[in-house]
Amino acid sequence: METFYLFLVIFLFVLAIFDLSVGVSNDAVNFLNSAIGPRAASFKVIMVIAAIGIFVGASLSNGMMDIARHGIYQPQHFYFSEIMCILFAVMLTDVVLLDVFNSLGMPTSTTVPLVFELLGGTVALVLIKISNSDGAMQLGDLLNTDKAFTVILAIFLSVAIAFFFGSVVQYISRLIFTFNYKKHTKYFIALFGGLAATSILYFMLIKGVKESSFMTGELKDLIYGHTDRIVWGAFIGFTVLMQILHWLKVNVFKVVVLMGTFALALAFAGNDLVNFIGVPLAGYSSYMDLMAQGGTTTTDTFLMSSLLEPARTPWYFLVGSGLVMVIALATSKKAQNVVKTSLDLSRQTEGNENFGTSPVARVLVRTCNNTASTLLSVVPPRVKDWIDSRFNNDEIILENKASFDLVRASVNVVLSGLLIAVGASLKLPLSTTYVAFMVAMGSSLADRAWGRESAVYRITGVLSVIGGWFITAGAAFTICFLVALVIHFGGIAAMAAMVGLAVYMLIHSQITYKKKMKKEALKEEVNTTVAKLRDTTDGHEALSLFREHSREELQSVLLFTVDMLDKSVHGFMNENLRELRKVLSAVEEMKIHLKQVKRVGTLGVTHLEHDIAVEKGLYYYQGNDFASEIVFSIRRLAEPSKEHVDNNFSPLNDIQKEDFGQMTESIVAYLKRCATMIATNDYHRLDDVVAESVTLTNQLTALKKGELKRIQGQSGSTKVSMVYLNMVQEAQNIISFTANLIKVSRKFQKE
């Protein structure tokens, strides 16, 4: 049995490595956004600074390991086998839950799942032990209720605290520096930079190093015995340094943002590392304690009182974890392609709002507007005018298409790092995601980034994110509770089954994630075109970009039609239900994409010269409508085919397969020629293409007449004939819409 548990501990560490990679890839947004949002430095520089912060933070995170050892349960009342049951259930649930939530794009945290998984797994075992003890044990004897309540309260209370302080600090900072911060940095920038740098030093180093395995007792005594002198000395030194940098024309805000990014990455690793390796290390420590007994006890009789002792994590575990996190940060596509929800919700300018509206958001916006109007009515006009002058958005300095400016970025990184570091120093596993996100939301609110045209969307987005957090907590508790019960009663067989299920779910979530990334790639293409058009002031250049975008999109639709038509027809002929389902799924994705493409048309028309805007805009919209109709025809062709195959009705006969199979080849060739014509912008053979469309339409009409004769002769299945006739009709529609698409495209592309 000891050998089995050895393999179990090894498997926990394997899960921890995967958890580290998934966690840092998805939580990278927490410490990268505030540097990427204002374009404080190049992406590579930001990544290097964050990587160093992660490595240092991982080396200093030993103190947080106690949460996984005795923060939730009372280990002295649990046997080794019961502790391993809880820990195994926690790791299985954590890896799968985080991966599935992130693959589906659900906003989540790494801290909250861990806490609620530990709580769920512990409650499952507690209920069993209480029922078996005949009343000898109570809930308070087995569950660390006070600590659990404190941890949970700290996590959710941090949401309100982060939002409040983010709003207040940003409001004060904006009053001081205004949006034209370069004009108002003469007197306050040194003090601001010195205070920010000193705060980072104090909380990241003095509060963080005390639990480090590298710290000696003498060095700790030296630091904590002279804390006041160190802080005041650092404040004076940093203030002088920041003033010198300002005189040397160095942007102090950029320095603060990059220092804050380092601090936030350090806080993330120091605070959240327990989420990834705390549980496996608790299992490893438990196993080593069992082996130290020398066989005098068994897994079902050895009580884990040793877990009450503080964690003494070997330095090589911490360094190894830091290396894994750094490698994941450097290689993860999710981290390198950071286009995250918090940037969209906190950007200063309006644009494509990813969230819709909701009744709650509308009520909140209306209530806040009314409240603000009431409060402003008692504010003296001069004071109100002065405040408005400090928040003059027309003077904002946004470097290189940034989402927000460096003043707000400085507040975000420094304040987030301070709050998380305070939590770490108090042994409270605050969620880095929650704190960083809510600070960013509070600062964007104070910065008046949520205007009348965007507030309802932004609030809906924030509420959606917070709702996702509660879903994560509930799912973590429930799933781990059930998994722990299954493992406890099912034993080794149940563990093996749970591992198999976890592997399957991880593979399935990766497939789902790839599909999501495919959608994001299409969306990013549209957003790139929108950005180019928005930044274009020359009408001729805008028309050129507009035309290039139209060629790419229409060619893409025709090539998509070629692929989907071929798969639909052969999927029906071969009774391949899976292929037909894929076609319908792809069609739905293309429909969403075409809706997004229409935004480009709306923006493009506004950038065209007045004399050509109406004409060219009309042709663009007509082309987009014809492309949509082609996609709808594919759906109308595939849906009845899929339903027919799904019901196991009679298949097409050989004559129908041969006739329509040949026609499909001709239609595919026709669509490819049309796609090439659009891509090359060469329409000199347009008349030949139109004539070919007429010929193909007549041939399909002949097929339709032949099928109607077979129906009258009562030969074959009526159900399959109806589907066949529908396929012929939709094929005709595709040809007709494509011919119209080519005509409109030529009018749009040519002078």
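One finds the CE atom of M495 at 11.0 Å from the CE atom of M498 (value rounded to the nearest 0.5 Å). Distance check, rounded to the nearest 0.5 Å: CD1 of I479 to CG of L92 gives 11.5 Å. In this structure, CG on L114 lies 9.0 Å from CE on M91, to the nearest 0.5 angstrom. Here OG of S306 is found 3.5 Å from CG of D289. Values are rounded to the nearest 0.5 Å. Between atom CE of residue M242 and atom OG1 of residue T198 there is a gap of 8.0 Å, rounded to the nearest 0.5 Å. Considering CG of N412 and OG1 of T261, their distance stands at 10.0 Å, rounded to 0.5 Å.
Contact record, C85 with L125: SG-CD2, 4.0 Å, taken as the closest heavy-atom pair. Nearest heavy-atom pair across C480 and E117 is SG-O, 3.1 Å. Heavy-atom minimum distance, S34 versus P38: O-CD, 2.9 Å. Between V90 and V279, the shortest heavy-atom distance links the atoms CG1-CG2, 3.8 Å. Here the closest non-hydrogen pair linking P113 and L97 is CB-CD2, 4.4 Å. Looking at every heavy atom in both residues, I487 comes nearest to A494 through CA-CB, 4.1 Å.
The backbone N or O of R408 lies less than 3.5 Å from a partner atom in the side chain of D405, making a donor-acceptor pair. At distances below 3.5 Å, not a single donor-acceptor pair connects side-chain atoms of T122 with backbone N or O atoms of L119. Put simply, the side chain of S444 gets close to the backbone of A440: a donor and an acceptor are under 3.5 Å apart.
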Verdict with supporting geometry, S410 and F192, side chain to side chain contact (heavy atoms under 4.5 Å, CB included): CA-CA 10 Å; S410 301; F192 178 85; 4.0 Å; yes
Trace of the side chain to side chain contact (heavy atoms under 4.5 Å, CB included) decision for Y287 with I83: CA-CA 10 Å; Y287 179 79; I83 289 292; over 6 Å; no
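When side chains are defined from C-beta on, S285 does not count as touching L281, because their heavy atoms never get closer than 4.5 Å. Contact annotation: the side chain of T93 never approaches that of F477 to less than 4.5 Å [non-hydrogen atoms, C-beta and beyond]. The shortest distance between side-chain heavy atoms of M259 and V414 does not fall below 4.5 Å. Residues L415 and Q170 have side chains not in contact (no heavy-atom distance under 4.5 Å, counting atoms from C-beta outward).
The number of heavy atoms from other shown groups lying within 6.0 Å of CZ (F165) does not exceed 12.
Classified by interplanar angle (parallel below 30°, tilted 30° to 60°, perpendicular above 60°), the ring pair Y284/F13 is perpendicular.
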